[in-house]
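Only one structure is covered here, and it is reproduced in the block below.
We're numbering straight along the sequence, starting at 1.
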Amino acid sequence: MNVVFLVKIAGMSGWLALLYIIPIVNIVFGIIVAIKLGERFGKGGFFSFFLLFVFPYIGYLILGFGDARYTKA
């Protein structure tokens, strides 16, 4: 259920969260969601890939407790 909200925050349809079930597609879709989520919070591609996809626990803490603001563009 949390994945559905994460995909919606990234600006996509909640139904696309079903792509996380498919084995190879989930890795590619996870990278796309991380990059789009970073764009929504005003972060660049480097931050999005490494801190939201590779080290998500650190990246989400930076988004949550840092000065990043959600912008719906």
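- A continuous path of hydrophobic side-chain contacts links Ile31 to Leu52 [ILVMFWY only; heavy atoms under 4.5 Å].
- Rounding to the nearest 0.5 Å places CG of Asn26 at 12.5 Å from CG of Leu18.
- Hydrophobic clustering keeps Phe49 apart from Leu61 (ILVMFWY residues linked when any side-chain heavy atoms are closer than 4.5 Å, directly or through intermediates).
- When the side chains of ILVMFWY residues are joined at heavy-atom separations under 4.5 Å, either directly or via intervening members, Ile58 and Ile35 end up in a single hydrophobic cluster.
- Ile21 and Leu16 are members of different hydrophobic clusters when ILVMFWY side chains are connected at heavy-atom separations under 4.5 Å.
- Counting heavy atoms from C-beta on, the side chains of Tyr20 and Val7 come closer than 4.5 Å.
- Atom CG of residue Leu19 and atom CD1 of residue Ile32 lie 9.0 Å apart, to the nearest 0.5 angstrom.
- Partners of Phe55 under the ring-ring contact (aromatic ring centres under 6.0 Å, His included) rule, at least two apart in sequence or in another chain, do not exist in this structure.
- Phe53 and Tyr57 fall into different hydrophobic clusters, where Ile, Leu, Val, Met, Phe, Trp and Tyr side chains are chained together by heavy-atom contacts under 4.5 Å.
- Scanning all heavy atoms of the two residues, the minimum distance from Glu39 to Ser48 falls at N-OG, 4.3 Å.
- Atom CG in Leu63 sits 12.5 Å away from atom OH in Tyr70 (nearest 0.5 Å).
- Within 6.0 Å of CZ on Phe5 lie no more than 12 heavy atoms contributed by other residues, nucleotides or ligands.
- Taking CE of Met12 as the start and CG of Leu37 as the end, the distance is 10.0 Å to the nearest 0.5 Å.
- Distance CD1/Ile22 to CD1/Ile27: 12.5 Å, rounded to 0.5 Å.
- To the nearest 0.5 Å, atoms CD1 (Ile62) and CZ (Phe47) are separated by 5.0 Å.
- The shortest heavy-atom contact between Arg40 and Ile9 is CG-O, 3.6 Å.
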